[in-house]
2 protein chains.
Amino acid sequence: MAADLELRRFMTKVARMYYTHGIRQIEIASSLGISQARVSRLLQAAEQAKIVRTIVVIPEGLHAEIEEDLQARYGLSQVHVVEALDPSDEAGINRDLGEAAALILGAMQLSGKTIGFTSWSRSLRSLVAALEPSKKRSDATRIVEMLGDVGPPQLQHDSTQSTQRFADLVGGTPLFIRAPGVLSSAEVRDAMMNYDVHTREAIAALDELNVALVGIGTCNIDAPLEPGGNFFTVEQFEMVKSLGAVGQINLRFIDAEGIPIESELDSLVIGVTLAQLPAHGGRFAVAGGRSKYEAVRAALRGHWIDTLVTDMETAERLLRE
Amino acid sequence: MAADLELRRFMTKVARMYYTHGIRQIEIASSLGISQARVSRLLQAAEQAKIVRTIVVIPEGLHAEIEEDLQARYGLSQVHVVEALDPSDEAGINRDLGEAAALILGAMQLSGKTIGFTSWSRSLRSLVAALEPSKKRSDATRIVEMLGDVGPPQLQHDSTQSTQRFADLVGGTPLFIRAPGVLSSAEVRDAMMNYDVHTREAIAALDELNVALVGIGTCNIDAPLEPGGNFFTVEQFEMVKSLGAVGQINLRFIDAEGIPIESELDSLVIGVTLAQLPAHGGRFAVAGGRSKYEAVRAALRGHWIDTLVTDMETAERLLRE
DNA sequence: AACGCAAGTGTATCAAGATTCGCCGCTTGC
DNA sequence: GCAAGCGGCGAATCTTGATACACTTGCGTT
């Protein structure tokens, strides 16, 4: 314990000498009476311990032109385009997008706001993974889950943790929806919505969202949204597709023009409705990759999004097609 | 211009590959069809261009014990102790303190506040140098100079720039005091205070400070406070010293117990008075080094400070003596 | 008490990255 | 139109930092 603290001090000292003052490892070593190897190891440890952080800032307006074009075309208030290393590697894209989004979010004023979040989106989970802690705590800040549980129990745990971590990092209080995201009937859903105090609180907060980090999804079943008792069946997906659905925002389906598709599926979902999304400037989406293109375009056309973080390829297609 | 943008994109791309994805320089080189040397140079350039930032975070509570002791002893609300590399190198200490203070300030909620600032303090100028831009703009945030000009014209330019830069970085509007800091008589001072519109505005804002980044100084003349028409003379310094002065806060003198020393010098200064300092939690000082010890202790005893960033040696002496 | 094991350190060595040097292509001035 | 100058690039080289290996030390076990 005390040794641990001493070690942290030492790491910090060495890290400051190396990074801040630019002193060579050998010089640090000799001035502290240790070996160069130890200095190297201490620096590694310091990096591990997050004492040293190396971040790559994406300069404002790097892709100014394409971003402005997108803003103009879809009436967005903010667009960020990230260059993906490999446009076909969806997992990689999500990591990159999450990281970029984390930086942007870090610069946003969130304290005191009610923030809708859903950890059923891979890119949003990447965002949480990349987010850096901010010291600004505020109990008035609320992080509300916008969708009930979906998928196997293991994932549910991940999800809860993700929300919790997100709340910790932005310094707010999490409100969980402790109920399945999709139920077998409207009656069961209504019962579940009122079952748990915390869930009721969260659901109530959905009417007061200031910012929503929405997940945009396709109409195909893919991880982590795997088939299960608390998710739509293949048949249900086929049904909404036949009604014209090309994507969904937190499991609310929309067609290619972004117009909501009303169906009985709506009444099976415990989660935010499109009408509940915050009014303006607070609809934040992180989505990219080839598979999501149709869904993203639909979401933009329907103006369900006003701040978008996406990859270069998607951005270009959104302008071209 | 366009080439510059392209270069920045390229630097960002390479930087992301290297730092974020951890790819070796040679691999980056071959995958982009350039030489390893160029990758190295691009990375250097990216660092230069602040696209890559490596920061050493001083972990919370590294020196928890000593900080808590200081808090308790002097009724401070926040203390940060920084380990100085060389306790006798005052310039180095100031850089270190400035850097630490910049990190702390970066985590503070400043938007909408009226912030008093003075660039006649070396440590505060170091702070500005180390501060990183925050995107959070707010026109309601005001940065007010707390002291008129002091020293030769060259320094005055630096000072203005420092204030301007500080305002830019925290996203606020600067209010300058365009008048000498010290005048030859009370009459001249009163005339100067009303001479310029901007100055009047700034002076008025001093009554509404939410946060003050105060400068703590000794009673000796040293750079940048060199003798000049707009500064106290050696005789004046000797005079207040004979009245018991051991230090000054923005040129307001205090004795060893922190009690203000009233003298005719007060009426010669254009700047914030001790009474105008914000009520609680907003008196932020960055000061350390052997020479300033007496002054810091006096400031603490008088409770003119409630948030302190200082060096280890000073911290220890403050507890010991 | 002796042994075995794990954690941590230093030495020597190896790999990675920085730098030097010379080449090439472009601009600029005569 | 040509030579001089300049800037940027890559190959080779050198420096710096990472790592493998061996050794010590401290602690728990037999």
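Owing to the predicted nature of the structure, the values given are computational and were not obtained by experimental measurement. Just so it is clear: chains get the letters A, B, ... in the order the sequence lines come, proteins before strands, and each one is counted from 1.
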Q | Of Arg24(A) and Ala37(A), the one whose closest DNA chain D nucleotide lies more 5' | A | Arg24(A)
**Q.** Between dA18(D) (P) and Ile34(A) (CD1): distance, integer Å
**A.** 13 Å
Q. Using a heavy-atom cut-off of 4.0 Å to chain A, what are the terminal contacting nucleotides of DNA chain C, in 5' to 3' order?
A. dT9(C) to dT11(C)
**Q.** Pairwise side-chain contact, Val52(A) with Tyr18(A), heavy-atom cut-off 4.5 Å (strictly under)
**A.** no
Q | Integer-rounded Å distance: dG8(D) C1' and Leu42(B) CG | A | 11 Å
Q. Does Arg297(B) reach the side chain of Arg317(B), with side-chain heavy atoms less than 4.5 Å apart?
A. no
Q: Ignoring backbone atoms, test whether Gln36(B) places a side-chain nitrogen or oxygen under 4.0 Å from the OP1 or OP2 oxygen of dC9(D).
A: no
Q. Side-chain donor-acceptor pair under 3.5 Å between Ser291(B) and Glu90(B), yes or no?
A. yes
Q: Send over the distance from Glu47(A) CD to dA18(D) C1', rounded to a whole Å.
A: 13 Å
Q: Nearest whole angstrom, please: distance from the C1' of dA11(D) to the CD1 of Ile26(B).
A: 13 Å
Q | Whole angstrom value for the distance that separates P of dT19(D) from CZ of Arg38(A) | A | 17 Å
(Q) Please classify the nucleic acid contact of Gln44(A) as base, sugar-phosphate, or nothing, using heavy-atom distances under 4.0 Å. (A) sugar-phosphate
Q. Any sub-3.5 Å donor-acceptor pair from Ser119(B)'s side-chain atoms to Arg125(B)'s backbone N or O?
A. no
Q. Closest to the Ser40(A) side chain: dA11(D), dT19(D), dT16(D)?
A. dT19(D)
Q) Has the side chain of Arg9(B) got a donor or acceptor atom that lies under 3.5 Å from a matching backbone atom of Leu62(A)? A) yes
Q. Under a 4.5 Å cut-off applied to non-hydrogen side-chain atoms, are Ile34(B) and Leu42(B) in contact?
A. yes
Q) Hey, does Arg41(A) reach any base, or is it just sugar-phosphate, or nothing, if we go heavy atoms under 4.0 Å? A) base
